[in-house]
Amino acid sequence: MTYVTKPKLHHPTLAKNKVGYTRRDYEGKVSTLCAGCGHDSISAALIQAFWELDVQPHRVAKLSGIGCSSKTPDYFLGNSHGFNTVHGRMPSVVTGANLANRDLIYLGVSGDGDSASIGLGQFAHVMRRGVNMTYILENNGVYGLTKGQFSATADMGSTSKRGLKNDDVAIDTVSLALLMGATFVAKSFSGDKAQLVPLVKAAIAHQGAAFIDVISPCVAFNNHSGSTKSYDYVRAHNEVVNFMDFITGRAPINVDYKHDEVIEVPQHDGTTIRLRKTHPDYDPSNKINALSHIAEAAAKGEVLTGLLFLAADAQDLHGHLHTVETPFNKLGEKELCPGAGMLERINAAMR
């Protein structure tokens with residue numbers, strides 16, 4: 001259904017925000033992801049967050065890498081700037097764009113394969129440099145575009161849709177972001193819109209590197225050996241001249257639970273994950289406390305969600321480099337090329 005476009009006509013009674021836009025104005029193209037994919041729920045949360053923040057869409061620059069998650073920027077903020085980079089290289093492109101034009105709101109969307117494998121080095125450096133951006137990691141633990149192999153965030157001991165066991169230690173991107181210097185760190189679940197939308201709004205408002213790891217169920221997990229809807233079954237029983245891949249659509253997984261409460265959430269493949277929201281008295285300003293709470297929850301087989309760390313006095317990359325307030329792309333030749341005399345003074349200062 002990739003040829004289907006959304007109608008441009010809006011109902012005249014749709015509510016508008018303070019800058020005159022309806023929620024529909026923050027949407028993009030029709031999603032081509034599997035029905036029930038958690039990534040679409042994240043896109044809906046981003047649409048809601050930007051609408052509630054009264055952000056003009058053209059002030060947003062959204063960038064992504066490669067993977068199911070990196071396709072999603074096409075499904076929201078259709079009137080914003082967008083750039084789809086190569087696999088794992090989104091952070092460096094965001095860094096360059098942010099240095100050139102600090103006036104835009106930068107949103108990076110990536111997946112667990114894109115960020116925790118080929119892009120792990122770039123992920124670490126964009127956190128430690130404090131690039132002023134919101135980094136959304138859509139985390140499902142598999143390579144969804146290439147038939148569901150384990151990604152680097154898959155839990156040790158978990159099994160694939162073909163029954164294979166993962167014997168590798170999982171990369172905890174939340175703890176890594178904390179260690180590398182991110183000044184806003186959170187974790188959430190794609191189906192918990194009541195928690196995710198405020199987290200996204202807070203991350204966008206944060207001045208510095210803001211990271212949100214969002215667990216996002218993948219409906220491709222249903223492609224197991226006993227299913228009549230699996231790839232192998234369809235190919236084995238296909239009488240026509242071409243091969244088909246069929247994925248059963250599923251209802252999105254939504255949750256609703258209280259602070260400091262543990263809830264078990266069944267996934268599309270029959271497994272469950274245990275989510276625990278932070279306690280109302282939890283102090284997100286203490287990094288050591290955050291790392292300790294994350295480790296304690298992991299030891300219990302739980303995933304701690306909510307705002308885990310916030311540095312109130314955070315400084316972004318421009319603050320570290322002492323750049324001018326005027327965006328570089330608005331500076332003239334005189335400011336960018338001050339002459340040989342200035343170059344000599346700069347070189348002399350470094351001797």
Worksheet item: Just by distance, do the side chain of Y26 and the backbone of V55 share a donor-acceptor pair under 3.5 Å?
Response: yes
Worksheet item: Do the ring centers of Y135 and F211 come within less than 6.0 Å of each other?
Response: yes
Fill in: Any donor-acceptor pair under 3.5 Å from D316 side chain to V131 backbone
no
Discussion item. Let me confirm one number: the CG-CG distance from D213 to D112, rounded to the nearest 0.5 Å.
Written reply: 8.5 Å
Item to complete: Nearest 0.5 Å please: distance from the CD atom of E302 over to the CG atom of L275.
Response: 9.5 Å
Worksheet item: When rounded to the nearest 0.5 angstrom, what is the spacing between CG in L179 and CG in D172?
Response: 9.0 Å
Practice prompt. Heavy atoms only: give me the nearest P91-F123 pair and the separation to one decimal.
Written response: CG-N, 4.1 Å
Worksheet entry | Note, Y75 side chain near T32 side chain (heavy atom, < 4.5 Å) | yes
Fill in: Same cluster (ILVMFWY, side-chain, under 4.5 Å), V94 and L321
yes
Worksheet entry | Side chains of D114 and H87, donor plus acceptor under 3.5 Å | yes
Worksheet item: Going by an N to O cut-off under 4.0 Å, is there a salt bridge joining R351 and E344?
Response: yes
Discussion item. Tell me if a side-chain donor or acceptor on S292 pairs with a main-chain N or O of I288 at a distance below 3.5 Å.
Written reply: no
Item to complete: Check for a donor-acceptor pair, side chain of N17 on one end and backbone N or O of Y21 on the other, with a separation under 3.5 Å.
Response: yes
Practice prompt. Determine yes or no for a side-chain-to-main-chain donor-acceptor pair under 3.5 angstrom, with H81 supplying the side chain and R59 the backbone.
Written response: no
Worksheet entry | Heavy-atom side-chain proximity of I42 to S216 below 4.5 angstrom | yes
Discussion item. Using the side chain to side chain contact (heavy atoms under 4.5 Å, CB included) definition, which of the options T85, I136, V93, N84 pairs with S64?
Written reply: N84
Response to the item:
Heavy-atom closest pair (L178 atom, A290 atom, distance to 0.1 Å) is CD1-CB, 4.1 Å
Fill in: Stepwise salt bridge (charged side-chain N to carboxylate O under 4.0 Å, His left out) test for D192 and K277
CA-CA 11 Å; D192 192 353; K277 283 187 179 179; 3.3 Å; yes
Fill in: Student check: side-chain heavy atoms of F50 and V60 closer than 4.5 Å
yes
Worksheet item: Rounded to the nearest 0.5 Å, what separation is found between the NZ atom of K62 and the CG atom of L104?
Response: 13.0 Å
Worksheet item: Under a single-linkage definition using a 4.5 Å side-chain heavy-atom cutoff for Ile, Leu, Val, Met, Phe, Trp and Tyr, are Y106 and L53 assigned to the same hydrophobic cluster?
Response: no
Item to complete: Report the C-alpha distance between T305 and R276 in whole Å, list the side-chain angles of each, state the deciding distance to 0.1 Å, and finish with yes or no for side-chain contact (heavy atoms from CB on, under 4.5 Å).
Response: CA-CA 6 Å; T305 68; R276 176 188 286 276; over 6 Å; no
Discussion item. Using modelled atom types and a 3.5 Å cut-off, is there a donor and acceptor pairing between side-chain atoms of R274 and backbone atoms of K300?
Written reply: yes
Fill in: Stepwise side-chain contact (heavy atoms from CB on, under 4.5 Å) check, I215 with K187
CA-CA 8 Å; I215 297 175; K187 195 174 185 82; 4.1 Å; yes
Worksheet item: Side chains of V214 and L196: closer than 4.5 Å at any heavy-atom pair?
Response: yes
Discussion item. Looking at every heavy atom in both A152 and S117, which two are closest together, and how far apart are they?
Written reply: CB-OG, 3.6 Å
Discussion item. Just so I know, are the side chains of L176 and L120 near enough to count as touching, which here means a heavy-atom distance under 4.5 Å?
Written reply: yes
Worksheet item: Is it true that the side chains of T72 and H39 contain a donor and an acceptor less than 3.5 Å apart?
Response: no
Worksheet item: Which heavy atom in V174 sits nearest to a heavy atom in A186, and how many Å separate them?
Response: CG2-O, 4.2 Å
Worksheet item: K330 versus D103: any side-chain heavy-atom pair under 4.5 Å?
Response: yes
Worksheet item: Would you say the side-chain atoms of N98 pair up with the backbone N or O of T95, donor to acceptor, closer than 3.5 Å?
Response: no
Worksheet entry | I212 vs F184, side-chain contact (heavy atoms from CB on, under 4.5 Å): CA-CA, chis, key distance, verdict | CA-CA 8 Å; I212 307 177; F184 180 107; 4.2 Å; yes
Worksheet entry | Cation over ring face, K287 and F309, 6.0 Å, 45° | yes
Item to complete: State, without any angle test, whether T153 and N139 hold a side-chain donor-acceptor pair at a distance under 3.5 Å.
Response: yes
Worksheet item: With no hydrogens and no angle check, do the side chains of S190 and S41 hold a donor and an acceptor under 3.5 Å apart?
Response: no
Worksheet item: Could you go step by step and tell me if S43 and D40 meet the side chain to side chain donor-acceptor pair (under 3.5 Å) rule?
Response: CA-CA 5 Å; S43 294; D40 283 334; 4.8 Å; no
Worksheet item: Which heavy-atom pair separates A311 from H206 by the least distance, and what is that distance?
Response: O-CE1, 3.6 Å
Worksheet item: Can you find a heavy atom in the side chain of P284 that is under 4.5 Å from one in the side chain of L307?
Response: yes
Worksheet entry | Donor-acceptor pair between R102 and T323 side chains, under 3.5 angstrom | yes
Practice prompt. Drop me the distance from S69's OG to N140's CG, to the nearest 0.5 angstrom.
Written response: 7.5 Å
Worksheet item: Of K18, K193, K201, which is the lone residue that meets salt bridge (charged side-chain N to carboxylate O under 4.0 Å, His left out) with E52?
Response: K201
Worksheet item: Are any side-chain N or O atoms of Y282 and backbone N or O atoms of L308, one a donor and one an acceptor, separated by less than 3.5 Å?
Response: yes
Discussion item. Taking atom NE2 as the centre, does H279 end up with more than 12 heavy-atom neighbours from other residues, nucleotides or ligands that are less than 6.0 angstrom away?
Written reply: yes
Worksheet item: Nearest 0.5 Å, what's the CG-CE distance between L107 and M90?
Response: 8.5 Å
Discussion item. I'd like to know if the side chain of S92 reaches the main chain of R89, judged simply by a donor and an acceptor atom lying under 3.5 Å from each other, with no hydrogens or angles considered.
Written reply: yes
Practice prompt. Establish whether L99 and L63 are linked, either directly or via other cluster members, by ILVMFWY side-chain heavy-atom contacts under 4.5 Å.
Written response: yes
Practice prompt. Apply the test side-chain contact (heavy atoms from CB on, under 4.5 Å) to residues D168 and F150: give CA-CA distance (whole Å), side-chain angles for both, the deciding distance (0.1 Å), then the verdict.
Written response: CA-CA 9 Å; D168 295 328; F150 294 119; over 6 Å; no
Worksheet item: Linking I/L/V/M/F/W/Y whenever their side-chain heavy atoms sit closer than 4.5 Å, directly or via other members, would L137 and F83 fall into one cluster?
Response: yes
Fill in: L77-V200 co-clustered via ILVMFWY side chain contacts under 4.5 Å
yes
Worksheet item: Okay, side chain of H318, backbone of V324: is any donor-acceptor separation there less than 3.5 Å?
Response: no
Fill in: C68 and L33, any side-chain heavy atoms less than 4.5 Å apart
yes
Worksheet item: How close do L199 and G306 get, heavy atom to heavy atom, and via which atoms?
Response: CD2-C, 4.1 Å
